[in-house]
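Structure first, commentary second.
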Amino acid sequence: MVRFAMMLASAVEWFMDKFMNWFLEAIVSRIDKRYHIREQPFTGPTSLVAGVDVPVDVQAALQQPAAACVCLRAEHRRLERYAYLIRMALSRSETELDPEALSEFDKLQQLWTVHSGREEKVLFPRLQASLAAVLPELEEEHRGIVAAGRRVRDLLEVPPQARNEQWLADFRARTSETLDLILGHIQQEEVRLLAPAEKDLPAEDQQRLAAEMYASAA
Ligand SMILES: [Fe+2]
Ligand SMILES: [Fe+2]
């Protein structure tokens with residue numbers, strides 16, 4: 001009897017886990033459609049980065065329009081997912097580069113560009129008064145990430161036939177450096193930017209900012 005109850009409990013837990021993932025994916029894809037966040041399926045409410053323990057807020061995500069910070073958190077989860085896929089592809093790249101590493105890196109850079117632009121053009125100016133000490137550091141990190149991404153791109157100038165083991169090692173090292181910078185930056189923003197912003201900004205402000213951020217999205 002006890003054994004049966006334990007089996008039943010684990011079956012219920014498994015079902016709830018699957019159901020919640022499906023439910024959250026459905027919510028975020030609605031946000032994606034409305035705000036033109038692109039492509040990659042949302043893969044879960046919680047972060048892959050140590051130190052980030054705020055899941056995407058389901059209730060806030062259900063609001064229409066959704067709140068700016070929730071949308072940015074959803075994009076963070078997507079960036080983390082790209083980083084994970086790139087690392088997986090690199091781990092398969094023993095003698096030559098797995099093409100998936102490049103295609104995922106392209107997607108990561110594309111999302112990174114629009115994401116950091118939204119933050120700098122819309123959210124940061126709104127928080128200038130309350131987070132004046134934090135924002136310059138985050139902007140500096142944005143610039144560091146762009147520079148690291150450029151160092152990866154420089155390596156891609158080398159023609160495929162000239163890419164040797166050393167090239168692959170360099171590509172792996174520079175890509176890894178870029179991903180580390182992005183994931184570290186996300187960790188900083190979740191704790192030092194989004195957490196206080198969510199506390200301080202009224203719901204109407206968050207909704208207005210979200211509308212502004214995604215109004216001109218391609
Ligand atoms: Fe940022
Ligand atoms: Fe961000």
Side-chain angles (χ1 to χ4, degrees), residues 28 31-32 34-40 42-57 60-61 65-86 104-152 175-201 205-218:
V28 176
I31 297 174
D32 284 2
R34 186 177 172 91
Y35 293 116
H36 314 288
I37 302 172
R38 270 165 280 189
E39 270 173 68
Q40 186 77 4
F42 182 66
T43 51
T46 48
S47 174
L48 303 173
V49 178
V52 177
D53 53 7
V54 180
V56 172
D57 183 330
C69 292
V70 174
C71 294
L72 291 174
R73 281 188 198 280
E75 290 186 353
H76 285 173
R77 301 293 82 77
R78 190 165 285 107
L79 287 165
E80 290 167 13
R81 176 72 179 159
Y82 288 142
Y84 170 79
L85 292 173
I86 293 164
E104 296 301 327
F105 192 80
D106 284 343
K107 292 180 199 167
L108 175 124
Q109 274 203 311
Q110 193 182 16
L111 178 57
W112 167 259
T113 303
V114 291
H115 173 81
S116 55
R118 283 167 187 154
E119 290 174 341
E120 290 193 16
K121 285 181 199 137
V122 180
L123 186 64
F124 288 7
R126 175 64 183 82
L127 298 171
Q128 191 58 50
S130 55
L131 293 176
V134 176
L135 298 179
E137 279 180 47
L138 296 177
E139 283 171 340
E140 184 60 36
E141 288 180 8
H142 283 185
R143 286 192 283 278
I145 290 164
V146 170
R150 209 172 286 131
R151 288 194 285 277
V152 176
T175 304
S176 210
E177 178 205 17
T178 308
L179 299 182
D180 287 346
L181 289 174
I182 289 177
L183 298 184
H185 176 72
I186 286 174
Q187 200 264 350
Q188 287 296 308
E189 278 189 344
E190 296 264 342
V191 175
R192 301 173 69 201
L193 176 79
L194 298 181
E198 281 175 329
K199 214 163 127 228
D200 294 346
L201 292 178
D205 272 22
Q206 287 251 24
Q207 292 172 355
R208 184 182 50 75
L209 290 169
E212 207 179 315
M213 274 198 278
Y214 295 94
S216 59

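One-based numbering, in listed order, for ligands and for the atoms of each. All values derive from a computational prediction rather than experimental measurement. Residues: numbered from 1 along the sequence shown.
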Q: Examine all N, O or S atoms of Glu120, backbone included, and report whether one is under 2.8 Å from the Fe ion (ligand 1).
A: no

(Q) Suppose we only count N/O/S atoms under 2.8 Å; would His185 qualify as near the Fe ion (ligand 2)? (A) no

Q) Is Glu212 salt-bridged to Arg208, cutoff N-O under 4.0 Å? A) yes

Q.
I'd like to know if Glu104 pairs up with Arg81 as an ion pair, taking the criterion as any Lys NZ or Arg NE/NH1/NH2 lying under 4.0 Å from an Asp or Glu carboxylate oxygen.
A. no

Q: Run the salt-bridge test on Glu198 and Arg73 with the 4.0 Å N-O cut-off and return the result as yes or no.
A: yes

Q: Please find out if the Fe ion (ligand 2) and some N, O or S atom of Glu189 are separated by less than 2.8 Å.
A: yes

Q.
Can you check the angle at the Fe ion (ligand 2) formed by NE2 of His76 and NE2 of His115? Round it to the nearest 10°.
A. 90°

Q. So, do Gln188 and Leu193 sit near enough that their side-chain heavy atoms are less than 4.5 Å apart?
A. no

**Q.** Exercise: do Glu189 and His185 side chains pair donor with acceptor under 3.5 Å
**A.** yes

Q: Report, rounded to 10°, the angle at the Fe ion (ligand 1) between the two atoms NE2 (His142) and OE1 (Glu119).
A: 90°

